Every structure is written in structure tokens, then in C-alpha cells.
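What you see is a predicted model; the values in this text were computed from it and never measured. The figures that follow rest on heavy atoms only: side chains count, while hydrogens, waters and symmetry mates do not.
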Amino acid sequence: MVERQEQTAPDAVLTRIGQVVMLHHGGDREEARSRFLDLWAEIGEDGDPLHRCTLAHYLADTHDDPADELAWDLRALSAAEELTDGRPGGDPGSVRGFLPSLHLNLAADYDKLGRAEAARSHLRRARSAARALADDGYGAGVRSAISRLALRLGEDGGPGDEGWSPVVSGR
């Protein structure tokens with residue numbers, strides 16, 4: 001019974017990250033950035049990859065400079081890859097749902113920086129990873145964002161595009 005409780009116990013770091021995300025969504029971007037950076041200092045460059053991935057993913061959104069945003073999104077992807085490359089303790093399932101959004105964010109970052117080829121490369125990876133998303137609100141939202149960025153980049157995002165997945169929703 002104790003083992004079962006440990007498995008379902010909330011992750012305190014992820015809870016703290018979630019609290020700062022709410023602060024950010026509430027409009028206090030500067031305070032959110034400050035708190036995220038404090039958490040990053042606690043976790044460290046060698047901390048739990050899921051914590052680093054989640055934190056860097058959200059921290060990127062608090063930056064105005066596209067180069068800073070890109071740096072944090074790259075950290076998030078690097079941590080995600082640690083979870084998916086078979087390293088001990090890695091749990092590919094825990095980050096699989098993040099990959100489409102991570103690549104989408106990187107594509108948008110590169111687009112803002114005028115690096116069209118890098119943007120298109122990550123857009124293709126986002127499309128491919130989006131096939132694993134559920135047919136729910138989150139999945140539909142990510143697919144829709146992928147389609148909008150594809151239009152902005154001058155790509156049709158249609159069935160001839162490898163990894164393309166239509167938004168299918170019964171809602």
C-alpha cells in the first residue's frame with residue numbers, strides 16, 4: 001500500500017511549476033519569469049529531465065527576446081530527448097505529449113528569428129509528433145497551431161506533407 005501511495009503522490013516540483021504557470025497566465029509575466037528562474041536554479045542543469053523539460057518549456061514563454069525564448073525551448077527539447085532516448089529512468093510516455101508543442105515552439109522561435117529552414121524542419125517534426133496526440137481539446141489546439149504556423153511559413157500542411165494529420169473532432 002505504501003508503494004502505491006508513493007506512485008500516486010503528486011510531484012512537488014511539477015506542482016510548483018503549475019502554480020507559476022497560473023501566475024503567468026494571470027498576467028504577471030515578470031514575477032513568473034523570476035519564480036521560474038528560481039526553480040531552475042534549484043533543479044539545476046542536471047536535475048530531473050521531466051522537471052527541466054516542463055520548466056524550460058514554460059519559462060521560454062516569459063521571454064520577449066526570440067533568442068532567449070529559443071534558448072529555453074532548446075533546453076526543453078534536450079531534456080525531453082533524455083526522457084525518450086532510453087536512458088535509465090527515462091519514461092518516454094511522460095513526455096510524448098509534449099513533443100509536438102516543443103517542436104511547434106521551436107518552429108515559431110526560428111520563424112521569429114528569420115531562420116525559415118530551421119522553422120520548417122521543426123514544423124515537420126511537430127506534425128509527425130502530433131500523430132500521437134489524443135483527439136481532445138489539447139490535441140486539437142496543438143494541431144490547429146501547427147496548421148496556422150504552416151500557413152504563415154507558406155506550407156499547405158496537407159495530406160501530401162509527411163506526418164500531416166487532420167484535426168478530427170466530434171465536438
Side-chain angles (χ1 to χ4, degrees), residues 17 20-21 24-25 27-30 32-34 36-37 39-40 43 45-47 49-87 90-169 171:
I17 292 169
V20 179
V21 168
H24 180 228
H25 288 171
D28 198 343
R29 190 175 192 182
E30 293 298 320
R33 182 182 313 130
S34 176
F36 278 143
L37 289 170
L39 277 168
W40 186 263
I43 293 169
E45 291 285 332
D46 296 319
L50 180 60
H51 295 160
R52 287 186 289 119
C53 176
T54 306
L55 180 55
H57 181 63
Y58 288 113
L59 182 53
D61 294 337
T62 67
H63 288 277
D64 296 319
D65 182 336
D68 291 337
E69 192 173 354
L70 173 63
W72 284 106
D73 282 330
L74 287 170
R75 284 181 183 103
L77 181 61
S78 177
E81 288 171 345
E82 287 181 40
L83 291 166
T84 60
D85 72 1
R87 294 183 191 186
D91 177 10
S94 66
V95 77
R96 192 169 290 126
F98 249 161
L99 289 176
S101 182
L102 292 173
H103 286 294
L104 174 63
N105 286 356
L106 284 163
D109 296 341
Y110 283 120
D111 180 45
K112 289 177 199 171
L113 292 167
R115 296 177 58 190
E117 274 312 304
R120 286 185 181 95
S121 174
H122 280 282
L123 182 64
R124 285 189 297 274
R125 293 174 76 182
R127 277 193 190 115
S128 180
R131 291 182 293 195
L133 293 176
D135 182 23
D136 58 10
Y138 174 76
V142 171
R143 287 184 188 92
S144 178
I146 289 169
S147 294
R148 287 190 306 273
L149 183 56
L151 288 173
R152 193 164 67 235
L153 293 174
E155 295 192 0
D156 69 4
D161 207 353
E162 182 186 335
W164 180 81
S165 177
V167 176
V168 179
S169 179
R171 299 177 235 289

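Applying the ring pair (Phe, Tyr, Trp, His ring centres under 6.0 Å) rule to Y58 yields no partners; only residues at least two apart in sequence or on another chain are considered. For E30, the side chain to side chain donor-acceptor pair (under 3.5 Å) partners at least two apart in sequence or on another chain are R33. Applying the salt bridge (charged side-chain N to carboxylate O under 4.0 Å, His left out) rule to R115 yields no partners; only residues at least two apart in sequence or on another chain are considered. Residues forming a side chain to side chain donor-acceptor pair (under 3.5 Å) with H24 (at least two apart in sequence, or on another chain): none. Remark: R152 pairs with D111 by the salt bridge (charged side-chain N to carboxylate O under 4.0 Å, His left out) rule, at least two apart or across chains. By the salt bridge (charged side-chain N to carboxylate O under 4.0 Å, His left out) test, R125 pairs with E81, sequence neighbours left out. Taking D46 as the reference, nothing meets the salt bridge (charged side-chain N to carboxylate O under 4.0 Å, His left out) condition, with sequence neighbours excluded. Checked against ring pair (Phe, Tyr, Trp, His ring centres under 6.0 Å), H122 has the following partners two or more places apart in sequence or in another chain: H103, Y110.
A donor-acceptor pair under 3.5 Å is absent between the side-chain atoms of R127 and the main chain of R124, judged by distance alone. A donor-acceptor contact shorter than 3.5 Å links the side chain of S147 to the backbone of R143. Judged by distance alone, the side chain of T62 and the main-chain N or O of L59 form a donor-acceptor pair under 3.5 Å.
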Show me the side-chain donor-acceptor pairs of residues 68-78 shorter than 3.5 Å, one per line, residues at least two apart or across chains.
from	atom 1	to	atom 2	distance (Å)
E69	OE1	K112	NZ	2.9
E69	OE2	K112	NZ	3.4
W72	NE1	H63	NE2	3.2

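L149 and A108 get closest at one heavy-atom pair: CD2-N, 3.7 Å. Of all the heavy atoms in L102 and H57, the pair that sits closest is CD2-ND1, 3.1 Å. Smallest separation of non-hydrogen atoms from L123 and A150: CD2-CA, 3.6 Å. In this structure, T54 and I17 approach most closely via the heavy-atom pair CG2-CG2, 3.9 Å. Contact detail for S101 and V142: the closest heavy-atom pair is N-CG1, 4.4 Å. The minimum heavy-atom distance linking V20 with A32 is given by the pair CG1-O, 3.5 Å.
Identified under the ring-ring contact (aromatic ring centres under 6.0 Å, His included) test for residues 125-150, with sequence neighbours left out: none. Every pair passing salt bridge (Lys or Arg N to Asp or Glu O under 4.0 Å) that includes a residue from residues 49-59 is listed here, sequence neighbours excluded: R52-E82.
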Residue pair S121, L106: steps toward the side-chain contact (heavy atoms from CB on, under 4.5 Å) verdict
CA-CA 9 Å; S121 174; L106 284 163; over 6 Å; no
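Using a 4.5 Å cut-off on side-chain heavy atoms (C-beta onward), F98 and L83 make no contact. With contacts defined as side-chain heavy-atom distances shorter than 4.5 Å, the pair P66/D109 does not qualify. Two residues are said to be in side-chain contact when any heavy atoms from C-beta on lie closer than 4.5 Å; L39 and H51 fail this criterion.
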